[in-house]
Amino acid sequence: MVLQESISTAIDSIRANLLRSLLTTIAIVIGTASVIAMVGIGSSAQRAIDDSITNLSARTLSVYPSRGRGSQKISAAPLSISDADALIKDQEINWRVSPEIRGSKSLKYKNESISISVIGARESYLSIQGYEIDQGAFFTERDDLARKRVAIIGSSVGTELKTSSKALVGEEVDLGGVTFKIIGVAKSEGSSGWSNPDEQIYIPLLTASDRVFGRDRVDSIRVEVPNTYTPEEAMISIERVLRREHDIGPGEENNFRINDWSQFTDLQKQATAIFSALLIGIAGISLMVGGIGVMNIMLVSVTERTREIGLRKALGATHQAILLQFIIEAVTLCIIGGIIGVIFGSSLYFLVTVFQDWVFTIPFSAILGSVIFSACVGLFFGIWPARKAAQLEPAVALRYE
Amino acid sequence: MNVIQVKDLTKHYSLGTQTVEALRGVSFGIEQGEFIAIMGPSGSGKSTLMNIIGCLDSPTDGTYHLNNQEVSTLEGDELAGIRNKEIGFVFQNFHLLARNSALDNVMLPLKYAGVDKEGQLKRAKNALSQVGLESRMDHQPSELSGGQQQRVAIARALVNNPSILFADEPTGNLDSQTGHDVMQLFHNLHQQGQTIILITHENEVAAEAQRTIFIKDGLIESDIRKEKL
């Protein structure tokens with residue numbers, strides 16, 4: 001019997017038990033829908049991450065003093081303001097350099113006192129960090145050189161001092177025993193995980209070094225590299241300058257380390273990929289479960305239709321014709337489930353892209369792949385019931401009650 | 001020439017440790033164009049004999065020639081091919097596919113015979129008109145009366161021009177008038193030269209045939225030819 005006949009017979013018998021057939025395919029639907037949704041969402045998320053990286057005009061590297069690690073004795077030479085100045089003087093790459101001194105001090109205003117994270121920085125800090133000023137102004141290079149006692153506060157510092165940040169502009173506060181004048185408030189940035197810029201206070205680098213912390217050792221130096229250079233090229237340049245500054249001889253190890261924060265986006269991409277792979281694995285299990293469901297219902301169907309099988313055999317159906325009929329029925333059932341799953345999965349994916357403002361691209365290969373996989377599930381789990389049907393003895397099957 | 005020639009047919013079934021001898025050596029011949037009834041009480045081996053002659057089952061021993069071809073040694077798909085081409089079945093409970101039209105039901109043996117679509121339609125319509133149902137060919141079995149359903153089944157049995165029309169209690173599920181109509185149809189087909197084997201336990205039905213074979217305890221008890229009137 002020709003394939004077309006088998007397919008129309010299969011569709012007929014699926015239609016005859018429509019509700020049961022649809023319920024049977026639910027696991028296949030869920031499996032396929034998750035594959036389509038995950039692959040789609042995954043690729044759109046990936047693209048969003050990629051776009052955000054290429055949209056950056058520059059990438060930021062951070063230099064930290066090295067901590068001696070393991071048995072290797074590395075003299076933990078601190079980074080100093082002069083290291084930062086040496087980087088600024090180096091003309092090979094037109095980078096921007098922002099040294100930072102960080103520490104914790106108590107901040108007093110009237111009768112209120114809080115502990116606050118202090119950042120001593122250059123005037124370029126604001127733009128390198130991408131922060132903005134809400135009220136007042138950031139300090140200038142002259143304020144820095146003059147070691148002025150001026151400060152900018154994060155947007156929620158005022159509330160912690162039982163007043164508002166705006167009301168503090170122009171007021172004098174006591175920071176670790178030194179009187180500072182608040183000259184501006186930074187716009188709220190929100191917590192970035194391990195630090196909250198809204199709860200910090202920013203003062204000029206040299207003021208921090210000379211008047212507050214009494215050290216010229218800096219905690220980190222940020223280097224913003226234009227996109228015309230790769231992070232690797234920038235790292236080599238930074239290394240060259242700092243090794244010279246720190247008098248590190250050939251063959252000796254660096255006593256500082258350079259972090260490329262964009263590596264985190266790579267990690268994020270990897271995490272996304274692992275996450276999608278995991279979900280696709282679960283979807284695969286769901287498809288397997290679906291296949292077992294289909295097998296189960298096919299076995300029921302074979303038993304129910306024993307007399308029909310007997311009749312078909314009496315009329316001359318060969319072993320192969322019956323086998324084909326039931327395999328095609330199982331495969332058709334799974335493909336229908338797969339197609340419904342594709343529709344659900346694509347809709348879900350579309351909704352997510354709308355809400356996340358991502359690009360929606362029809363995941364053709366995932367659609368093709370998951371429908372083919374559903375068909376294979378049907379083929380695999382349809383074989384046993386179909387063999388049972390084909391092996392029925394016609395004389396016995398005809399009289400089956 | 002004999003369409004069917006069986007010799008010393010035996011059939012043993014094993015039920016657990018017991019062996020049941022359903023047929024214990026049956027021999028007879030059926031000529032081309034004969035109208036014959038096979039009778040016997042239940043448990044007589046009548047059904048077993050029917051399955052073997054209908055090529056639904058193979059004998060344990062003995063020979064069975066159908067159109068001079070030895071078929072007792074065939075199995076599986078070879079037997080399916082014989083059933084498809086040589087034997088037309090009519091069953092007590094019609095055995096029509098419920099979700100298919102009368103036409104589709106009649107076309108089914110042709111599909112398994114590999115006839116092309118055009119030939120299927122032509123021959124199925126032809127067979128339906130032979131039983132007087134060409135006007136109802138698009139109806140599903142549920143839209144047909146019992147007698148009409150049985151006539152669709154007869155059309156299906158005839159569609160491949162079989163050597164033997166094999167009817168198993170064809171009037172068992174019909175009222176006496178409709179049963180009579182169906183028997184009339186068999187007589188018409190017989191007059192056109194069709195070989196017909198009727199399996200029945202009703203004497204009145206058997207009386208319609210020219211010849212009656214009685215089976216009892218796995219053996220032929222009697223083989224009676226009616227004198228031509």
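Hydrogens, waters and symmetry mates are skipped; everything else that's a heavy atom, side chains included, is used. Per chain, numbering begins at 1; letters A, B, ... match sequence-line order.
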Inset, instruction - Answer yes or no: are there more than 12 heavy-atom neighbours, outside F28(B) itself, under 6.0 Å from its atom CZ? - result: yes
Inset, instruction - Of all the heavy-atom pairs spanning A317(A) and A80(B), show the shortest one and how long it is. - result: O-CB, 3.7 Å
Inset, instruction - State, to 0.1 Å, how close A314(A) and R83(B) come at their nearest heavy-atom pair, and which atoms those are. - result: O-CB, 3.4 Å
Inset, instruction - Measure across N84(B) and G316(A) and return the closest heavy-atom pair with its distance rounded to 0.1 Å. - result: CB-CA, 3.6 Å
Legend entry - N/O donor-acceptor pair under 3.5 Å between R99(B) side chain and A16(A) backbone: no
Legend entry - Test item: H95(B) and L315(A) side chains (from C-beta on) under 4.5 Å apart, heavy atoms: no
Inset, instruction - Check the surroundings of atom CG in D116(B): do more than 12 heavy atoms from other residues, nucleotides or ligands lie under 6.0 Å from it? - result: yes
Legend entry - Distance in Å, K313(A) NZ paired with C55(B) SG, rounded so as to fall on 0.5 Å steps: 14.0 Å
Inset, instruction - For the pair D168(B) and R399(A), find out whether any cationic side-chain nitrogen is under 4.0 Å from an anionic carboxylate oxygen. - result: yes
Inset, instruction - Would you mind telling me which of R305(A), R307(A), E308(A), R15(A) has the largest number of heavy-atom pairs within less than 4.5 Å of chain B? - result: R307(A)
Legend entry - Heavy-atom contact with chain A under 4.5 Å, split by part of K117(B): side chain
Legend entry - Under 4.5 Å from a heavy atom of chain A, the part of N93(B) involved: side chain
Inset, instruction - Evaluate the side-chain proximity of L311(A) to L97(B): yes if any heavy-atom separation is below 4.5 Å, no if none is. - result: yes
Legend entry - Side-chain heavy-atom pair F89(B), L398(A) within 4.5 angstrom cut-off: no
Inset, instruction - Please say whether more than 12 non-hydrogen atoms of neighbouring residues, nucleotides or ligands are located less than 6.0 Å from CD in Q192(B). - result: yes
Inset, instruction - Please check if atom CD in Q320(A) has more than 12 non-hydrogen atoms from other residues, nucleotides or ligands closer than 6.0 Å. - result: no
Inset, instruction - Check whether more than 12 heavy atoms from other residues, nucleotides or ligands sit under 6.0 Å from atom CD of Q356(A), and answer yes or no. - result: yes
Inset, instruction - For F350(A), look at atom CZ and say whether over 12 heavy atoms of other residues, nucleotides or ligands are found less than 6.0 Å away. - result: no
